[in-house]
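Inspection log for the structure reproduced underneath, given as structure tokens.
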Amino acid sequence: MGLKWLKGYIVCGVRSGYWERFMNLCRHHRVHLWDVKIQESKVTFSMFSKDFKTLHAFVAKTHIAPKIRERRGLPFVLEQARRNWTFTLGLVLFFVVLKVLSLFVWQINYYGQQEYTKETISKEVESMGVYVGMMRKNLFCDDIERSLRESYENMSWVSAEEKGCVLNIKIKEGKALKGKEEEDNPPSHIIAPCDGVIEKIVTRQGTAKVAKGAKVKKGDILISGIVEIKGDGGETLRYNGVCAEGELSILTKKEFDESINERYMAKNKTGEEIHVYTVCVNGTRFSIKNPLKWFDKSSSYDIINNICVDREFIPWNSRVKVTDHKYVNYEKVEARYSEKEAGDRLKARFQSKLEEYKEEGCRIVDQTLDIKKESAAYKAHGSIQLSISKMDKKNVSDEELVLQGEGKEDEDGAGTDNS
């Protein structure tokens, strides 16, 4: 079928005549027909377009006049493209522009950096001649990897990978992280960060001082960093200091109290706006504004900043940043909160407090909130039950590691030997 499409063929139809004789004449003159379909008095068939003129000699003999119903194949597609040359030219230009754009690097991504900032690494990469807008044929990923490893000792692994028009640079700072992990931790206790009840305690290193369900106060030692070394007779020989480790959680209760005055000063926007544009080119700043609009020093304005342009042109070693400062004029007027508005604001503050606890790693177990109006204010009182799993630590002092009685002398300085 592919060869037929390249040569071009047509689909014809006939309705009456000597169809059998027509077929014999076509076969005798080597006119190839295919996809012949007979439906009652109608017959359709396909043939090469170059053979269609041959059929005119058969019309008088067979009383059959084939009519072209469809034209298929490459020659007809090219003919249609020639007629609609504007569309064809636009399509060709689209693919040409697409091909040209694919020859350049349009984005550089950085992953895995911790000790070094993205800006620091990007400057180093730019110094190698790698920048947004460079041609992909001049990009050598192996050279980027080697140069970054040589420039930064803490980079144990660097990968520069080109994906289409995007360059992905992945980094692992192995030496710096390894040094932090191998840093000696001094002996320390795990202590309670607040008052509460022990919900869970699992000791991995150290000595547990409390059990599940015990009430503790802020600063109490939960897992001690002191381990007793005992002899065969069960006597304590010495104390060893360790960095206490374990999994703990404390149930605690936090109170929430907030209030909002019923009356407040609201901002009533007058509709007047003044735009001031700040243009910064390579550190040089200048402002542009409408000279017909002046600031009223007796009025108040809200300032809304919007960055319009922030682009670096690497080939010219310049950076342009345009910021739109919109000054919105308003007047202060006295207003009053409705019960719903005050309730929504207090609930939003309560929800913000819950989110704050969640960000600190706490789990919300239970919560209550009650809002009442008292005098000229709305007051909210609530309680939040939290499960805290982040504990505080306290270093073990040298005195705590001294065994009782060790190093003590009698008042006469003769020691404890009275024999």
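Note that the structure is predicted; figures quoted are calculated from it, not measured.
Ala380 and Ile371 get closest at one heavy-atom pair: CB-CG1, 4.0 Å. Lys212 and Ile201 make their closest contact through N-CG2, 4.0 Å (heavy atoms, listed as atom of the first residue, atom of the second, distance). The minimum heavy-atom distance linking Ile169 with Ile144 is given by the pair CD1-CG2, 4.2 Å. Shown here for His189 and Gly225, the closest heavy-atom pair between the two residues is ND1-N, 2.8 Å. Summarising the geometry of Ser102 relative to Arg136, their closest heavy-atom pair is O-NH1, 2.7 Å, with the distance given to 0.1 Å. Between Cys243 and Pro186, the shortest heavy-atom contact is CB-O, 3.9 Å.
The aromatic rings of Tyr264 and Tyr337 sit parallel to each other, their planes meeting at less than 30°, with 60° as the upper class boundary. Using the six-membered ring where Trp is involved, Tyr277 and His275 have ring planes that are parallel, under 30° apart on the 30 and 60° scheme.
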- Item | Residues Arg72, Glu70; criterion salt bridge (Lys or Arg N to Asp or Glu O under 4.0 Å); working and verdict | CA-CA 6 Å; Arg72 300 176 183 175; Glu70 294 183 40; 2.6 Å; yes

- Decide salt bridge (Lys or Arg N to Asp or Glu O under 4.0 Å) for Glu360 and Lys390; before the verdict, give the C-alpha distance in whole Å, the side-chain angles of both, and the deciding distance to 0.1 Å. CA-CA 8 Å; Glu360 292 174 357; Lys390 186 178 180 181; over 6 Å; no

- Task: Evaluate side chain to side chain contact (heavy atoms under 4.5 Å, CB included) for Val132 paired with Gln107, printing each intermediate quantity in order.
- Result: CA-CA 6 Å; Val132 174; Gln107 186 174 351; 5.9 Å; no

- Show your working on side chain to side chain contact (heavy atoms under 4.5 Å, CB included) between Phe256 and Arg349 and close with a plain yes or no. CA-CA 10 Å; Phe256 175 83; Arg349 293 184 186 179; 4.2 Å; yes

- Message: Quick one, Arg82 with Glu79, criterion salt bridge (Lys or Arg N to Asp or Glu O under 4.0 Å). Give me CA distance, side-chain angles, the key distance, then yes/no.
- Response: CA-CA 5 Å; Arg82 187 186 65 81; Glu79 177 63 20; 2.6 Å; yes

- Query: Going through the checks in order, is the side chain to side chain contact (heavy atoms under 4.5 Å, CB included) test met by Ile190 and Lys393?
  - Reply: CA-CA 5 Å; Ile190 294 179; Lys393 286 203 171 188; 4.2 Å; yes

- Message: Working note: Val210 + Lys215, criterion side chain to side chain contact (heavy atoms under 4.5 Å, CB included); need CA distance, chi angles, decisive distance, verdict.
- Response: CA-CA 9 Å; Val210 294; Lys215 293 182 178 181; over 6 Å; no

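At least one donor-acceptor pair closer than 3.5 Å links the side chain of Glu145 to the backbone N or O of Ala160. Under a 3.5 Å cut-off, the side chain of Thr88 and the backbone N or O of Asn84 do form a donor-acceptor pair. Of the possible polar contacts, one joining the Asn329 side chain to the Ser300 backbone as a donor-acceptor pair under 3.5 Å is found.
Rounding to the nearest 0.5 Å places CG of Asp257 at 10.0 Å from OG of Ser383. Note: Met128 CE to Met134 CE = 11.5 Å, rounded to the nearest 0.5 Å. Between atom NZ of residue Lys321 and atom CD1 of residue Ile307 there is a gap of 4.0 Å, rounded to the nearest 0.5 Å. Atom CE of Met391 and atom SG of Cys194 lie 7.0 Å apart (nearest 0.5 Å). Remark: Asp195 CG to Leu251 CG distance equals 13.0 Å, nearest 0.5 Å. We find the NE2-CZ distance between His32 and Phe48 to be 6.0 Å, quoted to the nearest 0.5 Å.
Looking at Asp344 and Lys347, no side-chain N of the basic residue comes within less than 4.0 Å of a carboxylate O on the acidic one, giving no salt bridge. With salt bridges taken as basic N to acidic carboxylate O contacts below 4.0 Å, none links Glu339 and Lys373. Salt-bridge annotation for Glu199 and Arg363: present, with a side-chain N of the basic residue lying under 4.0 Å from a carboxylate O of the acidic one.
Counting heavy atoms from C-beta outward, Lys254 and Tyr357 have side chains that approach closer than 4.5 Å. A heavy-atom distance below 4.5 Å is found between the side chains of Cys141 and Leu167. You'll find the side chain of Val242 stays beyond 4.5 Å of the side chain of Pro187, heavy atoms only. Residues Ile226 and Thr207 form no side-chain contact, since every pair of their non-hydrogen atoms from C-beta on lies 4.5 Å or further apart. Side-chain atoms of Glu262 and Arg336, non-hydrogen and from C-beta on, do get closer than 4.5 Å to each other. Residues Leu354 and Gln351 are in side-chain contact: their nearest non-hydrogen atoms beyond the backbone lie under 4.5 Å apart. No side-chain heavy atom of Leu346 sits less than 4.5 Å from a side-chain heavy atom of Leu369. Counting heavy atoms from C-beta outward, Ile229 and Thr236 have side chains that stay 4.5 Å or more apart.
Within 6.0 Å of atom NZ in Lys170, 12 or fewer heavy atoms from other residues, nucleotides or ligands are found, so the atom counts as exposed in its surroundings. More than 12 non-hydrogen atoms from other residues, nucleotides or ligands lie less than 6.0 angstrom from CZ of Arg319. The local environment of CD in Glu331 is sparse, with at most 12 non-hydrogen atoms from other residues, nucleotides or ligands closer than 6.0 Å.
Taking the centre and axis of the six-membered ring of Tyr330, the NZ or CZ atom of Lys332 falls outside the cone set by 45° and 6.0 Å.
Side-chain atoms of Asn109 and Asn168 include a donor-acceptor pair closer than 3.5 Å. In this model, no donor atom of one side chain and acceptor atom of the other lie less than 3.5 Å apart for Thr278 and Thr323.
If you run side chain to side chain contact (heavy atoms under 4.5 Å, CB included) between Ile250 and each of Val197, Leu222, Leu386, only Leu222 comes through.
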